Amino acid sequence: MRESVYMRVHVYILVIYFSIWLHRPTLRDKSDLYYMLPGWILFFVPSRFFDCSVSGCERPSVRANGGCDSCSRHLCLAHLSPCLHTCDEVLDDATYESQITAEINRLRSLINDVAVCQLASRLNGGTNCKIEHSSKVGPSALMGSANYHACIRFQDGSPSWLLRVPRVTSCAVGLPITLADYLIASEYATLKFLEATSVPAPRAFSYGVCSNGTDHGVGVAFLLMEELPGRPWAGEGVAGTMATDEEKVRIWSELADILAELERHPFPKAGSLCFQSSNVEVSAVASDRFGVLTPYGPFHNSAAYYTAFAEQYLELIADGQLYTEFPVDAYLVYRFLKDNVSQIAEQGGETKSPEKFFLKHVDDKGDHLLVDDDLHITGIIDWQMARVVPRREAFGPSLVTADMDALCTGKVSFSADDIALADTLQQKGRSSMTSCVVDEKARRFFWGLALESEWSDAFPLATAILEAFGIRQDWAQWREMELKEYESDERLKGLVQHCRP
Ligand SMILES: [Zn+2]
Ligand SMILES: [Zn+2]
């Protein structure tokens with residue numbers, strides 16, 4: 001086992017040296033290593049995020065739910081069982097907060113503040129600056145579910161910057177360093193691409209990852225970017241209560257203009273943006289909004305893109321890395337999605353021109369929009385995991401206009417906001433985009449079973465997927481039929497045997 005790991009490391013090193021040798025005519029200095037990064041990083045992203053921490057166990061840790069900050073371990077499906085893992089499942093507020101504080105302290109101890117300030121000063125005309133870490137933790141302290149932020153304040157009063165650092169020191173967040181590196185590299189490229197458009201996004205000034213020594217001495221993977229004015233929009237109006245329909249129309253109108261701008265910049269492939277030889281190119285898809293997928297792709301057609309998404313879920317379910325509480329049901333749902341990609345993929349034909357793909361913010365729940373006091377959009381933030389997607393996914397119903405209650409409880413329908421945004425696009429003459437608002441299939445496809453850990457919560461999502469894709473049978477009947485239809489599927493057979501009492 002150990003020998004095979006050494007062998008793999010040696011092969012990696014040889015490939016890296018060979019890669020540098022191949023690029024030697026174009027390598028001007030060490031900074032050019034940035035542009036070779038995505039390929040390198042992807043080479044290191046393993047088929048499992050973490051190994052089980054229990055000594056002697058060779059299983060992969062469960063993604064998303066397998067990390068525990070109480071015992072600081074990553075656990076496999078067997079060692080997560082209540083008889084073997086006895087940490088409290090639900091933490092009281094004080095314990096939860098103290099765990100996050102400890103995690104952020106660990107992360108901050110890795111960050112070299114002096115190196116951050118030296119880099120920021122150098123990039124901002126030599127202006128002195130200081131780094132400001134919040135004394136609190138949590139959402140009020142600029143902290144996201146996957147990233148920590150600190151402010152960079154400049155002495156000359158010029159606009160502040162943000163240091164964005166993936167939360168890789170938490171077992172519960174469960175973000176492997178290799179994936180964090182790729183997400184940072186991809187987000188940087190995405191922001192650089194957006195700088196050349198009229199989409200209001202933060203300017204990116206620098207980034208670094210540790211895996212190849214391009215972290216400028218900062219000690220962690222990071223992104224340095226502009227701090228935009230405005231507050232995250234949570235659906236409220238000018239008065240602070242729920243936005244009125246008129247107020248929402250103001251938001252939809254500005255969002256429609258932003259979507260129209262994104263439509264002006266088509267790409268030939270589906271994936272996520274990365275630098276390749278100093279150009280921003282479409283590279284592997286940077287995980288998904290739940291952060292559980294290994295980067296995959298890119299793809300030249302939407303059918304391959306949708307198929308690969310469902311297939312990776314199937315692989316992870318079969319390998320005990322996802323949906324370990326109800327693997328057979330989850331497998332059947334993603335198998336169904338994989339077999340029904342033709343319902344959302346663009347249909348090819350001999351006379352058809354090549355498909356076009358468009359940049360999409362995939363975690364667009366509303367709080368990605370920053371607004372001012374008059375509800376004008378001042379910026380769109382958090383482009384991590386953004387991807388270049390087929391037209392129908394790019395401009396069809398998304399999370400920003402979803403009725404989240406309906407989405408999570410399995411009610412299949414357009415929301416009032418879906419219709420309002422589509423109407424706004426129509427009024428602006430964007431019929432190419434309103435034609436994407438045909439059904440909820442793409443939104444349901446990517447929402448999937450939403451990493452629910454209990455079947456009772458996943459069940460309405462599963463039945464909503466069937467309903468959205470035109471199945472009229474009830475779940476029990478459909479399940480029975482599918483088990484029969486796929487009885488020769490080896491992965492399904494393995495799961496069924498494993499789950500048999
Ligand atoms: Zn534990
Ligand atoms: Zn284990």
Side-chain angles (χ1 to χ4, degrees), residues 1-6 8 44-110 137-138 143 145-146 148 166-180 290-294 312-331 449 451-455 457-458 490-501:
M1 173 73 184
R2 186 167 290 175
E3 277 176 11
S4 72
V5 172
Y6 286 147
R8 220 172 343 153
F44 280 97
V45 177
S47 59
R48 47 177 70 182
F49 276 2
F50 300 96
D51 295 328
C52 179
S53 304
V54 175
S55 173
C57 180
E58 295 194 348
R59 290 189 201 91
S61 165
V62 174
R63 296 192 186 194
N65 303 323
C68 175
D69 279 332
S70 296
C71 58
S72 301
R73 294 188 299 175
H74 296 282
L75 297 169
C76 69
L77 79 171
H79 288 110
L80 264 182
S81 66
C83 54
L84 296 175
H85 180 234
T86 53
C87 296
D88 287 336
E89 220 171 285
V90 181
L91 303 176
D92 59 63
D93 289 351
T95 311
Y96 178 70
E97 200 164 301
S98 77
Q99 279 187 6
I100 293 192
T101 304
E103 173 223 328
I104 295 305
N105 285 341
R106 283 196 299 277
L107 191 63
R108 279 179 52 179
S109 73
L110 300 176
V137 293
M143 210 167 89
S145 55
Y148 168 80
R167 291 172 59 188
V168 291
T169 51
S170 160
C171 293
V173 171
L175 187 59
I177 286 175
T178 43
L179 178 58
F290 299 109
V292 293
L293 296 188
T294 301
Q312 190 174 160
Y313 266 92
L314 290 173
E315 277 291 333
L316 294 172
I317 294 164
D319 195 34
Q321 296 193 52
L322 279 180
Y323 297 117
T324 53
E325 294 298 314
F326 46 90
V328 172
D329 296 297
Y331 190 91
L449 300 181
L451 291 191
E452 293 293 355
S453 52
E454 305 282 339
W455 175 240
D457 295 322
E490 290 300 326
R491 293 183 300 197
L492 180 60
K493 264 203 275 190
L495 292 173
V496 170
Q497 275 165 10
H498 185 77
C499 293
R500 199 161 278 155

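Residues take their numbers from the sequence shown, with the count starting at 1. What you see is a predicted model, and the numbers here were worked out from it, not measured in a lab. We count ligands from 1, going down the list as the structure has it; atoms in each ligand are counted the same way.
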**Prompt:** What closest approach, in Å, do S72 and C171 show between heavy atoms, and which atom pair accounts for it?
**Reply:** C-SG, 3.6 Å
**Message:** If the threshold is 4.0 Å, N to carboxylate O, is there a salt bridge linking R106 and E103?
**Reply:** no
**Prompt:** At the Zn ion (ligand 1), what angle lies between atom SG of C71 and atom SG of C87, rounded to 10 degrees?
**Reply:** 110°
**Asked** Looking only at heavy atoms, what is the nearest atom pair of I317 and P327, with distance?
**Response** CG2-O, 3.5 Å
**Request:** Measure the acute angle between the ring planes of H74 and F50, then classify it against the limits of 30° and 60° as parallel, tilted or perpendicular.
**Result:** parallel
**Message:** Restricting to N, O or S, what is the name of the atom of H85 that lies nearest the Zn ion (ligand 1)?
**Reply:** NE2
**Request:** Could you please compute the angle at the Zn ion (ligand 2) from ND1 of H79 to SG of C57, rounded to 10°?
**Result:** 110°
